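Just so it is clear, the model here is predicted, and its values are computed rather than measured. What you see below is based on every heavy atom in this structure, not just the backbone, and it leaves out hydrogens, waters and symmetry mates. Naming: A, B, ... by sequence-line order, numbering from 1 per chain.
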2 protein chains.
Amino acid sequence: MAEHMDKLSKQLLNKGYKLTPQREATLRVLLENEKDHLNAEEVYMLVKAKNPNIGLATVYRALELLSGLHIVEKINFGDGGARFDLRSDDQPHMHHHLICTRCGKVEEIMDDWLLPMENRIEREFGFKVTDHRLDFHGVCRECNAKERERARKAVS
Amino acid sequence: MAEHMDKLSKQLLNKGYKLTPQREATLRVLLENEKDHLNAEEVYMLVKAKNPNIGLATVYRALELLSGLHIVEKINFGDGGARFDLRSDDQPHMHHHLICTRCGKVEEIMDDWLLPMENRIEREFGFKVTDHRLDFHGVCRECNAKERERARKAVS
DNA sequence: CTGGCTGCAAATGCTTTGCACTGCG
DNA sequence: CGCAGTGCAAAGCATTTGCAGCCAG
């Protein structure tokens, strides 16, 4: 984790940006909540808890900066309000999401299924893919179970 | 096209909504610009051209209604501002997009590659997929060509 | 002292809401 | 009448921008 933080800092520095306490705090929050798909407001709250003087605009600016450097990815599920994910560099692309339309939970799944598709797109359309984004909407295991439960009761 | 309009109207009526002139005009605009990924403002402009008294809010309300009925799909590329696509019912799911990061052009490509993946997700995660969304970001054929051209000149 | 970075407040831009009005059943 | 649907203006919300101040090099 600490090493991860180190590596991220260096990425910033290499591009000529300073690692300010605010940016470090923002990165740290993203790192500590890697699985949570935080939105800007949530990142702000968490950063503010450690660093009460920070302004919301600064968090936005940090997130935009990091997103431009492809250190975090900015995602947009249907709700207004973007969400931010740390982007681990052992994944060449974004990871994919299972979004439950019942309970709103977002699960992550892994990559690599799409590489053949990317090759095909390049061949057929002359389109050189640099990134992709794949989301599935549906009903998660838990909500499925609840649904079946409800159906069972309705019968009895 | 006219039959298509008919079918869409019936979908509205069947759900208990009226086919008002405003809603019809909105549908017609979407139908006539099926390939264009219009945003709300653009739909509004086009509807207003035929129907000058309509209000922006009404267009938003129509689009939201149609989107709720899955007659149109509301998509969100990275730019602020949702875009709207008519959803043809011979495609069970959304179609996919090739988004050029150079010129912003959006191409559509067809579906059906993902069905095996959906099956796998249901087996492995217990997640019943009802819909998916797949976008590729990259550089389109034209921008690729321009880029190569530029590189060639730089050498000479 | 210079330029990057910050906080604050104001501005922006898309979208939604409140409300009074209208027309159809 | 009752109620869905409408237009207009105002509100709402996430995000961006302007600007003065600050700090490291």
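Atom P of nucleotide dC14(C) and atom CZ of Arg83(B) are separated by 10 Å, given to the nearest angstrom. Rounded to whole Å, atom C1' of dA4(D) lies 11 Å from atom OH of Tyr17(B). Protein atom CG of Leu66(A) is 14 Å distant from nucleotide atom C1' of dC5(C), rounded to whole Å. Across the protein-nucleic acid pair, Leu63(B) atom CG and dT17(C) atom C1' stand 17 Å apart, rounded to whole Å. Straight-line distance from the CG atom of Asn76(B) to the P atom of dA14(D): 14 Å, rounded to whole Å. Atom pair Leu12(B):CG and dG5(D):C1' shows a separation of 13 Å (rounding to whole Å applied). Regarding Glu41(A), its CD atom lies at a distance of 11 Å from the P atom of dC13(D), rounded to whole Å. The distance between atom CE of Met45(B) and atom P of dC14(C), rounded to the nearest whole Å, is 10 Å.
With a 4.5 Å cut-off on side-chain heavy atoms, Leu27(B) and Met5(B) count as touching.
Using cut-offs of 30° and 60° on the angle between ring planes, the pair His132(A) and Phe136(B) is perpendicular.
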* To do: For nucleotides 19-25 of chain C, just jot down a letter per nucleotide in 5' to 3' order: B, S or -, based on protein non-hydrogen atoms under 4.0 Å.
  => -------
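Mapping Ala40(B) and Leu19(A) onto DNA chain C by nearest heavy atom places Leu19(A) closer to the 5' end of the strand.
The side-chain contact (heavy atoms from CB on, under 4.5 Å) search around Glu124(B) returns Arg120(B), not counting sequence neighbours. Applying the side-chain contact (heavy atoms from CB on, under 4.5 Å) rule to Glu142(A) yields the partners Lys105(A), Cys140(A); only residues at least two apart in sequence or on another chain are considered. By the side-chain hydrogen bond (donor to acceptor under 3.5 Å, both in side chains) test, Glu147(A) is found to be paired with Arg102(A), residues two or more places apart in sequence or in another chain being considered. Asp135(A) is linked by a side-chain hydrogen bond (donor to acceptor under 3.5 Å, both in side chains) to His97(A), Arg133(A), counting only residues two or more places apart in sequence or in another chain.
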Taking distance alone, no hydrogens or angles, what donor-acceptor pairs closer than 3.5 Å link side-chain atoms of residues 35-42 of chain A to residues at least two apart or in another chain?
unit_1	atom_1	unit_2	atom_2	d
Lys35(A)	NZ	Glu108(A)	OE1	3.4
His37(A)	ND1	Asp85(A)	OD1	3.0
His37(A)	ND1	Asp85(A)	OD2	3.2
His37(A)	NE2	Glu108(A)	OE2	3.3
Asn39(A)	OD1	Glu41(A)	N	3.2
Asn39(A)	OD1	Glu42(A)	N	2.8
Glu42(A)	OE1	Asn39(A)	N	2.9

Just distance, no hydrogens or angles: give the donor-acceptor pairs under 3.5 Å from side chains in residues 17-26 of chain A, sequence neighbours left out.
unit_1	atom_1	unit_2	atom_2	d
Thr20(A)	OG1	Arg23(A)	N	3.2
Arg23(A)	NH1	Lys18(A)	O	2.9
Glu24(A)	OE2	Arg28(A)	NH2	2.6
Thr26(A)	OG1	Gln22(A)	O	2.8

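Residue-level contact check: Gln22(A) touches the backbone only, with heavy atoms under 4.0 Å from sugar-phosphate atoms and none from bases.
Contacts classified as salt bridge (charged side-chain N to carboxylate O under 4.0 Å, His left out) and involving residues 47-61 of chain B (residues at least two apart or in different chains) are not found.
Contacts between residues 47-60 of chain A and DNA chain D, defined by a heavy-atom separation under 4.0 Å, are made by Leu56(A), Ala57(A), Tyr60(A).
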